[in-house]
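Below is one structure, written out as structure tokens; the observations come after it.
Please read all numbers here as calculations on a predicted model, not as lab measurements.
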Amino acid sequence: MPEGYVVAIPTYDRVDILQEKTLPLLLSRNVSPSSIYLFVANKEEEKKYKDAIPSEKYNKIIVGKKGISYQRNFIIDYFPENQYIVFMDDDINNVVIKKKTKVGDLTNMDKFFKESYTKLKKYDKYLWATKNMYNPFYKNLAKDEAEIGLTVFSGDLIGVINRKKMKIKHTLERGEGEQMELALMYQKEDGGVIRFNNVIVITAKLTDGGKIKERGNKAGRVKDLSHNVKLLAKAYPEYVDKIFIPEF
């Protein structure tokens with residue numbers, strides 16, 4: 001088992017974006033390349049990423065599955081039970097944090113990941129996440145505050161203590177809303193997740209590659225999300241009043 005945490009980055013047809021955004025962000029915020037694992041869809045993608053990205057910037061490139069839900073399940077199977085995994089999207093511009101009244105860059109992500117793990121253990125939870133949306137003035141960021149329970153969150157950056165049984169089932173084929181399934185799944189199993197209300201991910205929605213490459217446009221994604229919400233409502237009727245369709 002790798003010591004400490006691993007950062008798992010599912011990425012598809014976004015070599016340039018990964019090199020411009022998430023990868024340099026991690027490396028500039030005290031995360032060691034030895035902790036970074038890139039998960040690609042097939043051998044062709046593997047070659048593109050290996051040819052383009054210097055090997056000293058990551059630990060390993062692994063061929064997994066196509067589609068975010070399938071890939072997340074693959075990653076769960078790839079790492080051992082109880083491994084601490086930080087899942088991170090490939091197109092993140094920045095991660096910011098609010099302390100008291102000031103909002104600024106989260107400059108030490110290594111420290112944040114380790115402290116987040118400590119909080120999971122303290123409260124006997126297995127998933128942490130960040131706020132799911134932001135406004136230009138960060139008015140919805142709380143002051144040094146974490147929320148525990150059933151809550152919506154961003155799927156762009158989450159941390160889990162790995163359990164092989166906690167796999168996505170209902171949002172596999174169409175992908176959209178998989179973070180909602182995670183929230184419901186962990187609520188049922190553990191009584192909730194930890195969401196850091198003072199931390200937020202800055203990312204551009206609907207960028208080229210990834211989901212847009214597969215499903216074409218925003219309308220297609222909304223259609224898939226609506227379909228998956230209905231599946232989740234049937235699978236988790238005890239939480240049906242908590243489900244809604246978030247904006248892109």
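- In plain terms, the two heavy atoms of Gln19 and Ala52 that are nearest each other are OE1-O, 3.2 Å.
- Looking at residues two or more places apart in sequence or on another chain, you find no salt bridge (charged side-chain N to carboxylate O under 4.0 Å, His left out) involving Glu20.
- Of the possible donor and acceptor atoms, one in the side chain of Asn73 sits under 3.5 Å from a partner among the backbone N and O of Ile168.
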Which atom pairs, donor and acceptor, lie under 3.5 Å between side-chain atoms of residues 119-130 and protein residues at least two apart or in another chain?
| unit_1 | atom_1 | unit_2 | atom_2 | d |
| --- | --- | --- | --- | --- |
| Lys125 | NZ | Tyr123 | O | 3.4 |
| Lys125 | NZ | Asp190 | O | 3.3 |
| Trp128 | NE1 | Tyr84 | OH | 2.9 |

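- With sequence neighbours excluded, the residues that form a side-chain contact (heavy atoms from CB on, under 4.5 Å) with Asp105 are Arg29, Asn94, Val96, Thr107.
- Put simply, the side chain of Glu181 gets close to the backbone of Lys169: a donor and an acceptor are under 3.5 Å apart.
- Take Tyr78 and apply the ring pair (Phe, Tyr, Trp, His ring centres under 6.0 Å) test, not counting sequence neighbours, and it matches Phe39.
- The main-chain N or O of Leu141 is found under 3.5 Å from a side-chain atom of Lys98 such that the two form a donor-acceptor pair.
- A heavy-atom distance below 4.5 Å is not found between the side chains of Val103 and Ile200.
- For the atom pair OH (Tyr58) and CG (Leu27), the distance works out to 12.0 Å, reported to the nearest 0.5 Å.
- In terms of the salt bridge (charged side-chain N to carboxylate O under 4.0 Å, His left out) criterion, residue partners of Lys114 (sequence neighbours excluded) are, by chain and number, Asp110.
- In this structure, NZ on Lys57 lies 12.0 Å from CG on Leu26, to the nearest 0.5 angstrom.
- With hydrogens and angles ignored, the 3.5 Å screen pairs no side-chain donor or acceptor of Gln83 with any backbone N or O of Asn162.
- Within the 4.5 Å cutoff, the side chain of Leu18 has heavy atoms near those of the Leu38 side chain.
- The distance from atom OG1 of Thr203 to atom CG of Asn93, rounded to the nearest 0.5 Å, is 6.0 Å.
- In this structure, the separation between CD1 on Ile53 and CG on Leu23 is 6.0 Å, given to the nearest 0.5 Å.
- Listed for the Ser116 side chain is a donor-acceptor partner under 3.5 Å among the backbone atoms of Phe112.
- Of all heavy-atom pairs spanning Pro10 and Asp90, the tightest one is O-OD2, 3.8 Å.
- Partners of Asn42 under the side-chain contact (heavy atoms from CB on, under 4.5 Å) rule, at least two apart in sequence or in another chain, are Glu44, Glu45.
- Considering all non-hydrogen atoms of both residues, Ala8 and Ile85 come closest at CB-CG2, 3.9 Å.
- The shortest heavy-atom contact between Val31 and Ser35 is CG1-CB, 4.5 Å.
- Looking only at distances, a side-chain donor or acceptor of Lys164 sits under 3.5 Å from a matching main-chain atom of Ile76.
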Show your working on side-chain contact (heavy atoms from CB on, under 4.5 Å) between Val193 and Leu182 and close with a plain yes or no.
-> CA-CA 9 Å; Val193 303; Leu182 289 174; over 6 Å; no
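- With a 4.5 Å cut-off on side-chain heavy atoms, Val63 and Val40 count as touching.
- In this view, Lys43 and Glu46 satisfy the salt bridge (charged side-chain N to carboxylate O under 4.0 Å, His left out) rule, not counting sequence neighbours.
- Between Tyr186 and Arg163 there is a side-chain heavy-atom pair separated by less than 4.5 Å.
- The CD1 atom of Ile161 sits 7.5 Å away from atom CG of Asn82, with the distance rounded to the nearest 0.5 Å.
- No donor-acceptor pair closer than 3.5 Å links the side chain of Gln179 to the backbone N or O of Phe153.
- A 4.5 Å side-chain heavy-atom check between Ile75 and Tyr37 finds every atom pair outside the cut-off.
- Residues passing the side-chain contact (heavy atoms from CB on, under 4.5 Å) test with Asp89, sequence neighbours excluded: Asp91, Ile92, Asp156.
- Partners of Gln71 by side-chain hydrogen bond (donor to acceptor under 3.5 Å, both in side chains), not counting sequence neighbours: none found.
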Please report the C-alpha distance between Val201 and Met88 in whole Å, then the side-chain angles of each, then the deciding distance to 0.1 Å, and finally whether the side-chain contact (heavy atoms from CB on, under 4.5 Å) criterion is met.
-> CA-CA 10 Å; Val201 171; Met88 196 165 183; over 6 Å; no
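- Put simply, the side chain of Phe196 does not reach to within 4.5 Å of the side chain of Ile97, judged on heavy atoms.
- In this structure, CZ in Arg195 is found 10.5 Å from CG in Leu150, a value given to the nearest 0.5 Å.
- With contacts defined as side-chain heavy-atom distances shorter than 4.5 Å, the pair Ile68/Tyr12 does not qualify.
- Lys165 meets the side-chain hydrogen bond (donor to acceptor under 3.5 Å, both in side chains) test with Glu189; sequence neighbours excluded.
- In this structure, the side chains of Glu178 and Tyr70 stay at 4.5 Å or more apart for every pair of heavy atoms.
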For Val160 and Met166, run side-chain contact (heavy atoms from CB on, under 4.5 Å): C-alpha distance rounded to whole Å, both residues' side-chain angles, the deciding distance at 0.1 Å, then the answer.
-> CA-CA 10 Å; Val160 303; Met166 299 297 279; over 6 Å; no
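- Applying the side-chain hydrogen bond (donor to acceptor under 3.5 Å, both in side chains) rule to Lys99 yields no partners; only residues at least two apart in sequence or on another chain are considered.
- Judged as a side-chain hydrogen bond (donor to acceptor under 3.5 Å, both in side chains), and not counting sequence neighbours, the contacts of Asp77 are Lys167.
- A pairwise comparison of heavy atoms in Ala142 and Glu145 identifies CB-CB, 3.8 Å as the closest pair.
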